[in-house]
Amino acid sequence: MSPKAMNALAPAATPPELIRNFCIIAHIDHGKSTLADRMLQLTGIVDERAMRAQYLDRMDIERERGITIKSQAVRMPWESAGTTYALNMIDTPGHVDFTYEVSRSLAACEGAVLLVDAAQGIEAQTLANLYLAMENELTIIPVLNKIDLPAAQPDLFAEELAGLIGCQPEDCLRVSGKTGEGVEHLLDEIVRQMPPPVGDPNAPARAMIFDSVYDTYRGVVTYVRVIDGKLSPRERIAMMSTKATHELLEIGVSSPEPTPSDGLGVGEVGYLITGVKDVRQSKVGDTVTNSAKPAAQALGGYRDPKPMVFSGLYPIDGSDYPLLRDALDKLKLNDAALVYEPETSAALGFGFRIGFLGLLHLEIVRERLEREFNLDLISTAPSVVYEVTMEDRKVVTVTNPSEYPVGKVAEVREPVVRATVLAPKDYIGTIMDLCQERRGDLQGMDYLSENRVELRYRLPLAEIVFDFFDNLKSRTRGYASLDYDVDGEQAADLVKVDILLQGEQVDAFSAIVHKDKAYAYGVMMAGKLKDLIPRQQFEVPIQAAIGARIIARENVRAIRKDVLAKCYGGDITRKRKLLEKQKEGKKRMKMVGRVEVPQEAFIAALSSDAEAAGDKAAKK
Amino acid sequence: MPSTLPDGDPAPADGSLPDSALAGARERSFGVYLHVPFCAVRCGYCDFNTYTATELGGGGSQAAFAATAALEVELAGKVLGAAARPAATVFVGGGTPTLLPPGDLAALLDAVRATFGLEPGAEVTTEANPDSVTPEGLAALAAAGFTRVSFGMQSAVPTVLAVLERTHDPDRVPRAVAWARQAGLDVSLDLIYGAPGESLDDWRRSLDAALACAPDHVSAYALIVEEGTRLAGQVRRGTLPAPDDDDQAAKYELADDVLGAAGYGWYEVSNWARGAQHACLHNLAYWRGGDWWGVGPGAHSHVGGVRWWNVKHPTAYAQRLGAGHSPAHAREVLTEEDRYVEDVLLRSRLAEGVALRRLRPQGLEAVPSLVADGLLAAGAAQGPGGAAVLTRRGRLLADAVVHRLLGA
């Protein structure tokens with residue numbers, strides 16, 4: 001049994017041989033945060049009293065959903081076989097949209113703990129991150145967690161892990177983050193198996209940014225891993241991608257509260273504060289160097305975040321538009337991947353077109369806007385980026401169906417992803433059906449164990465952003481997991497379907513869809529709107545059209561009666577008040593030509609689940 | 001369950017009215033409404049303020065009702081003071097007023113006569129259930145000064161009456177009408193259309209049966225599913241289908257055709273009379289913004305731009321009056337804007353329409369397009385003396401017309 005280290009090693013004075021940098025690769029719910037909590041306790045840097053569950057996850061949403069969006073790094077002292085070491089645990093974001101950030105976190109480590117729930121086995125995203133770690137030549141320690149659960153099947157899943165990383169089943173450690181069982185042994189194994197960092201202490205400083213977080217009080221806090229040389233307080237540093245220089249106001253390590261130090265040396269992990277206010281000035285993947293004695297070459301692997309999914313966000317109450325703008329400006333400080341520009345929709349008013357890394361990113365941003373800024377929002381159906389080449393060879397980039405060019409189109413290209421689905425073998429048929437419906441191409445299939453398979457598909461991103469994950473989950477009773485990574489683009493037979501109310505196009509409902517699905521989309525949307533649009537004094541035709549060609553039609557019949565049959569002495573006050581309420585309600589109606597459409601109809605029609613839309617409308 | 005009262009401002013305990021409400025009162029018509037809050041059974045569609053127990057405690061019993069209500073009539077006399085004037089109309093509604101013995105109804109009318117007096121030729125109506133009248137009772141009412149009776153016929157089709165939970169025998173209606181005629185009373189029949197399961201033919205049968213009684217006046221109401229009624233529960237649970245607006249529109253048109261052909265002209269959206277002299281003057285006053293005092297639990301009143309409504313429960317009502325307080329639960333003093341909205345809302349229901357001179361510029365501007373859309377009659381809207389009068393299509397879409405006249 002290893003004792004707590006009595007004397008922690010001082011940052012900036014720790015030989016690299018005594019440093020171990022590692023991360024934990026795990027799926028949501030597999031217990032990463034609980035394991036991290038145990039490590040903080042065992043290494044003595046957080047005492048029992050200060051311990052709160054999931055110490056490292058700071059944002060409310062993370063805590064509630066039990067997921068980590070933003071990573072942090074913690075330095076923990078640990079004594080093993082009589083020697084004191086400094087262990088840096090780098091917490092990786094655990095979700096599909098943040099692959100690039102994961103890759104930078106991995107690049108800051110020499111080893112990874114592959115943490116798998118002993119009752120569930122490995123999930124697709126974990127597998128994807130495992131492959132990423134293996135590509136980066138990290139030392140992998142396989143660990144089965146939650147062995148205290150009655151449903152745990154450690155022997156079964158040890159086989160599976162062994163098969164995946166090429167070790168023996170008995171090499172898999174078994175722990176319980178909840179009870180602490182096996183965690184000390186794991187810390188010892190991290191010291192024993194993982195290699196120390198290697199770098200040139202005399203070379204010009206080079207440190208890789210693997211995370212950058214905006215803090216209201218301190219400005220941007222940048223997390224780095226020093227590769228070569230040393231960073232010291234008060235020196236002037238330079239960001240190698242932007243050439244911007246800043247003074248190092250503070251440098252230190254998290255253990256787990258930020259603790260200023262004399263600097264950071266080779267192999268060390270810590271944070272920098274320069275006083276900048278926007279995470280865009282401190283980009284993940286960038287290289288920090290000394291501005292007076294800069295390195296000749298930046299570290300490899302830097303990439304600008306690229307939005308893959310676009311959606312229009314509109315305040316339900318139009319007067320909230322300035323609030324939405326301010327809220328986005330604030331979120332942007334902490335989210336380098338968030339891009340947006342103002343957009344106007346005839347149907348929805350003023351809003352923003354926002355680019356996201358993926359669907360989860362969209363969901364998180366939307367939820368934060370609603371929760372932290374108290375905004376009620378409508379979002380339009382998510383869209384991907386299309387390249388439309390016209391017959392005159394002009395190329396138009398389309399992130400919003402309304403930008404789809406009019407005229408002769410020669411070719412439309414859409415982004416595609418490489419998707420991995422893991423599931424019990426019983427669901428192979430179901431998953432293949434779904435992927436087939438979504439224009440997927442099977443690339444390969446492997447059995448991870450007797451019962452579980454990995455299916456690899458190439459799928460259009462557009463097919464994934466529209467309720468694919470929900471469908472996958474419901475069709476496999478929640479057993480399937482999905483990971484995807486952008487994999488170029490392809491030409492496809494795509495068309496724009498417009499929805500017209502009494503001949504007027506409703507921009508918010510236009511969609512770019514595959515030719516074979518245009519009819520189904522048109523029928524679905526027209527049908528949905530038929531039930532959502534209140535009857536007017538005249539008949540309202542609802543049409544779906546590709547260009548001038550009508551592909552579906554429904555009618556909202558004219559209203560014939562709205563009069564209140566009885567209006568006597570006792571009814572007058574009630575009727576007048578109702579009239580006033582209706583008058584208020586009319587103000588919230590959007591006019592499409594002469595047709596009054598209640599805001600709720602837009603919300604319900606834009607929600608991806610047709611059933612839910614019907615329910616909502618019925619309740620109004 | 002009876003419907004809930006609107007929200008309002010507190011009403012003073014002595015029932016006093018602001019001077020503004022009393023000013024110029026003598027130029028305005030005055031009516032008295034008497035609400036009798038008792039029924040033998042509660043019908044499934046009904047949300048009126050009515051109770052089926054004969055022995056409500058605390059002075060709220062049926063037997064004590066006439067004497068209690070007379071206290072409110074007295075209070076009304078005091079509150080109106082110099083503004084008190086003879087009533088042009090009296091209307092006893094319910095509930096089922098004829099559940100009370102004719103002597104009680106006569107006593108109520110006497111109380112009105114004693115406090116306010118009646119104008120010569122005053123219209124005095126009572127509602128009645130065809131089940132709860134006798135030839136003698138009707139004769140006694142006529143002798144006491146009643147001039148008109150309004151029977152709740154609702155339908156002539158047994159299956160429809162069953163859905164409405166009406167207990168009377170449809171064959172009783174013509175007899176009750178004949179008795180009323182013998183007593184010298186004007187007769188009105190109330191009909192309800194659009195109940196779940198009622199066919200267009202059922203409705204035609206009811207109209208024909210009503211006309212066979214040769215009433216002076218017919219009210220025909222589209223069934224409204226009111227919140228909190230048993231019917232609303234049945235519709236919500238899906239045991240009965242919800243009334244359909246299109247079906248009700250078709251039935252309205254049928255009623256207007258059939259009644260019109262039989263010589264009954266519409267004078268309000270849901271009311272037809274055999275000649276203007278048979279129109280219900282009491283109800284017309286509601287739509288023309290007249291003054292009336294509503295006596296009884298839950299009754300609403302209007303005097304010079306102040307509306308108020310009484311506490312609903314007969315016991316609470318009796319206790320207030322017993323303690324010498326006004327039974328008013330709450331009231332609202334209408335703003336200039338409120339009064340304009342009500343004026344357009346109510347007068348537009350009438351065949352005489354809203355005089356164009358009463359409309360604000362925004363309303364006047366809406367008239368040509370409403371005429372063009374076939375919702376207002378082109379002829380009536382002509383010239384400086386013109387009025388906004390609903391066409392038949394307009395009557396069915398009166399809500400939309402009012403919104404447009406009010407500029408929404």
Side-chain angles (χ1 to χ4, degrees), chain A residues 318 501-502 530-541 554-599 601 611 614-620, chain B residues 3 5-8 31 33 35 48-49 91 93 192-194 219-224 245-250 252-253 268-270 283 285-287 292 294 298-302 307 309 332 334 338 341-342 345-346 349 373 375 390 393-403 406-408:
Chain A
L501 287 188
Q502 240 205 0
K530 176 178 184 265
D531 295 333
L532 290 167
I533 293 175
R535 294 169 68 181
Q536 321 263 321
Q537 286 165 47
F538 40 86
E539 183 178 271
V540 179
E554 293 276 3
N555 270 323
V556 179
R557 283 177 305 143
I559 189 170
R560 285 184 64 191
K561 169 186 168 287
D562 64 14
V563 66
L564 181 68
K566 286 187 168 195
C567 194
Y568 293 99
D571 305 313
I572 296 168
T573 297
R574 188 151 66 134
K575 177 64 189 165
R576 193 190 72 241
K577 288 185 173 177
L578 185 66
L579 195 78
E580 281 157 7
K581 215 170 116 192
Q582 287 168 339
K583 213 169 155 182
E584 276 309 301
K586 274 183 192 283
K587 283 190 198 154
R588 289 198 305 276
M589 294 272 191
K590 305 274 183 185
M591 297 300 292
V592 177
R594 286 170 65 208
V595 183
E596 287 178 345
V597 184
Q599 189 113 34
E611 297 287 313
D615 284 354
K616 260 189 217 165
K619 274 181 204 148
K620 289 286 164 192
Chain B
S3 64
L5 291 170
D7 295 328
Y33 173 74
H35 186 77
F48 290 169
N49 187 35
F91 194 105
I192 292 181
Y193 59 88
S219 302
Y221 303 110
L223 178 69
I224 303 171
D245 281 343
D246 290 354
D247 171 64
Q248 292 191 335
Y252 181 86
E253 286 167 359
E268 194 265 352
V269 169
S270 300
N283 289 342
Y286 291 146
W287 300 311
W292 80 91
H300 287 243
S301 300
H302 172 248
R307 294 191 184 279
W309 40 94
E332 55 176 3
L334 302 176
D338 292 339
V341 168
E342 287 190 354
L345 168 69
L346 297 171
R349 297 179 70 91
D373 289 348
L375 298 168
L390 297 171
R393 187 168 120 80
R395 277 184 262 158
L396 283 164
L397 294 171
D399 224 33
V401 174
V402 168
H403 275 291
L406 292 173

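Letters A, B, ... are given to chains in the order of the sequence lines, protein chains preceding strands, and every chain is numbered from 1.
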Interface residue of largest heavy-atom contact number with chain A, from [options], under 4.5 Å:
options                                : answer
B:Asp246, B:Asp373, B:Leu223           : B:Asp246
B:Arg349, B:Glu342, B:Glu268           : B:Arg349
B:Leu346, B:Val269, B:Val341, B:Asp338 : B:Asp338
B:His35, B:Gln248, B:His302, B:Arg307  : B:Arg307

If you compare all heavy atoms of [X] against all heavy atoms of [Y], which two are closest, and at what distance to 0.1 Å?
X        : Y        : answer
A:Arg576 : B:Leu334 : NH1-CD2, 3.1 Å
A:Ala565 : B:Ser270 : O-OG, 2.7 Å
B:His403 : A:Lys583 : CE1-N, 4.0 Å

What's the spacing between A:Lys566 NZ and B:Phe48 CZ if we round to 0.5 Å?
->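 If we round to the nearest 0.5 Å, A:Lys566:NZ and B:Phe48:CZ are 3.5 Å apart.
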Top residue by heavy-atom pair count (under 4.5 Å) with chain B, among A:Leu564, A:Asp571, A:Ile559, A:Thr573?
->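 Max contact count across the listed options: A:Thr573.
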Measure distances from A:Glu580 to the heavy atoms of chain B and classify the residue's part below 4.5 Å as side chain, backbone, both or neither.
->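 Contact with chain B involves the side chain of A:Glu580 alone.
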Would A:Lys577 and B:Asp7 count as a salt bridge (charged side-chain N to carboxylate O under 4.0 Å, His left out) if you check the C-alpha gap in whole Å, the side-chain angles of each, and the deciding distance to 0.1 Å?
-> CA-CA 10 Å; A:Lys577 288 185 173 177; B:Asp7 295 328; 5.7 Å; no
Pairs touching residues 568-599 of chain A that satisfy ring-ring contact (aromatic ring centres under 6.0 Å, His included), sequence neighbours left out |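 Of all non-adjacent pairs touching residues 568-599 of chain A, those that pass ring-ring contact (aromatic ring centres under 6.0 Å, His included) are A:Tyr568-B:Trp287.
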Select one option (side chain, backbone, both, neither) describing which atoms of B:Ala299 are under 4.5 Å from chain A's heavy atoms.
->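 Neither part, no heavy atoms under 4.5 Å.
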Should B:Asp245 and A:Lys561 count as an ion pair when the cut-off is N to O under 4.0 Å?
->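 The answer is yes: the pair qualifies as a salt bridge.
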Test side-chain contact (heavy atoms from CB on, under 4.5 Å) applied to A:Asp562 and B:Leu397, B:Leu396, B:Val402, the passing residue |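 Exactly one candidate clears the test, B:Leu397.
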Kindly determine whether A:Ile572 and B:His300 satisfy side chain to side chain contact (heavy atoms under 4.5 Å, CB included), including the steps that lead there.
-> CA-CA 9 Å; A:Ile572 296 168; B:His300 287 243; over 6 Å; no
Do A:Val563 and B:Val401 touch side chain to side chain, with heavy atoms closer than 4.5 Å?
->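 Sidechains of B:Val401 and A:Val563: no contact.
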